[in-house]
Amino acid sequence: MTGASPPLMTGASPLMTGASPLMTGASPLMTGGTQAQLQPSQQLENPNYMVNDTVMSDPLLTLPLYFPHQAPLKMASLCYDLHGRPNTYYNFVSDTCISVNAHYQSGFSGRHDVIVLDEIAMRAVDRQGSCVDVMVDITCKVVINGVRLTLPQYTKDGVSVFTYGDRVRLSVPNCRHQQLVMWAMCQTYRINHPTTGAALDLKTLKFVVARTLSLNENSHGLIAQFWGVPVSLVPYFGQYHGQPVITSDFYIVSVATKPHPRRFVAHWNAMSWDLSDGPCLYAGSGNGGPIFEVTSPNDPVIEGVHTDYITGARFAASFKYSRFTGNCT
């Protein structure tokens, strides 16, 4: 894939962050470092403009980066792949009063090369201190505390669920004044079967975090771990696949997580995963780990390894980096 280069960037400028693996395309030439920090994925400068943390089929993760002083290039995203294991629950968001798991499943019986999300499972603490369990399946059926939702909405003690046919809006307080807003979207893709080549429809869920103002800075999970973490970008002109990099579309991404910061190489492309307007900084292996094309710097995109984010059950909030403190039975 190729794309037109954004304008020249020659100095350091503040930023806001997101997440992404490697492709081809043109990128802005950067002769200085660019500082970034993950900020609310909503209402950046224009209250009518929304950007989202997104997980698509495969699963493919996209998190927004924001350049507030670098007009006209205002936005980019960090994009990475988390292929994972089928029939497994992974944590996407973990914070004091919210835990969101996604169920990975094989898109084709007996094959593990195509993974889809077929469930989003949320455990949230409401304003009364009680835990509410919400499950959205691949058909956008909603089950709340074990009971199927038959009305178009549920609202109680700060937790709300609104259904819109093929979309479900989830809103929770996360023990704070601002609401955390997420979407589960039921989608169908027309693809060719990897063995027979026959055209068929592949169903999956798309998960979007649309409003993150209530997340705490130490939140975690495959998506939320990037929240509020300082990020910096500098050009990379080292070795790639054993050859010197001579183009300006590779960058060293430094993520200032504590106590162990991470540095890895990302590749700039004008298109995002779904071929919509980007740009994206693609980084990491198929599971958010190091890549084989680069020797150094080559830390994983995510903290630890993908198996650290596996939870034991649908609403289980416990995993290696869990931040959830709700007292649920």
Review point. Asp157 and Ser130: side-chain hydrogen bond (donor to acceptor under 3.5 Å, both in side chains), yes or no, with the steps?
Key: CA-CA 9 Å; Asp157 296 326; Ser130 299; over 6 Å; no

Hey, does [Y] have a side-chain heavy atom less than 4.5 Å from the side chain of [X]?
| X | Y | answer |
| --- | --- | --- |
| Ile98 | Met122 | yes |
| Ile144 | Val132 | yes |
| Leu222 | Tyr90 | yes |
| Pro297 | Phe264 | no |
| Ser94 | Phe319 | yes |
| Asp201 | Lys203 | no |
| Pro244 | Gln239 | yes |
| Arg167 | Phe162 | no |

Heavy atoms only: give me the nearest [X]-[Y] pair and the separation to one decimal.
| X | Y | result |
| --- | --- | --- |
| His103 | Gln105 | CE1-NE2, 3.6 Å |
| Glu303 | Tyr309 | O-OH, 2.6 Å |
| Ile115 | Ser106 | CD1-CA, 4.2 Å |
| Phe226 | Val301 | CZ-O, 3.5 Å |

Practice item. For the residue pair Ser99 and Asn91, confirm or rule out a side-chain donor-acceptor distance under 3.5 Å. Key: yes

Point to revise | Donor-acceptor pair between Thr204 and Gln187 side chains, under 3.5 angstrom | key: no

Atom pair [atom1] ([X]) and [atom2] ([Y]), whose distance is rounded to the nearest 0.5 Å:
| X | Y | atom1 | atom2 | value |
| --- | --- | --- | --- | --- |
| Cys186 | Ile138 | SG | CD1 | 7.5 Å |
| Cys97 | Arg127 | SG | CZ | 10.5 Å |
| Leu82 | Ile302 | CG | CD1 | 5.5 Å |
| Asn101 | Ile310 | CG | CD1 | 11.0 Å |
| His83 | Leu60 | NE2 | CG | 10.0 Å |
| Lys206 | Leu117 | NZ | CG | 11.5 Å |

Review point. Which is it for Asp137 and Thr139 under the side-chain hydrogen bond (donor to acceptor under 3.5 Å, both in side chains) test, yes or no, and what are the steps along the way?
Key: CA-CA 5 Å; Asp137 74 3; Thr139 66; 2.7 Å; yes

Check your understanding: If only atom types and distance count, is the side chain of Thr307 paired as donor or acceptor with the main-chain N or O of Val305 below 3.5 Å?
Key -> no

Check your understanding: Salt bridge or not for Asp133 and Arg123, using N-O below 4.0 Å?
Key -> yes

Check your understanding: Would His241 and Phe292 count as a close aromatic pair, with their ring centres under 6.0 Å?
Key -> yes

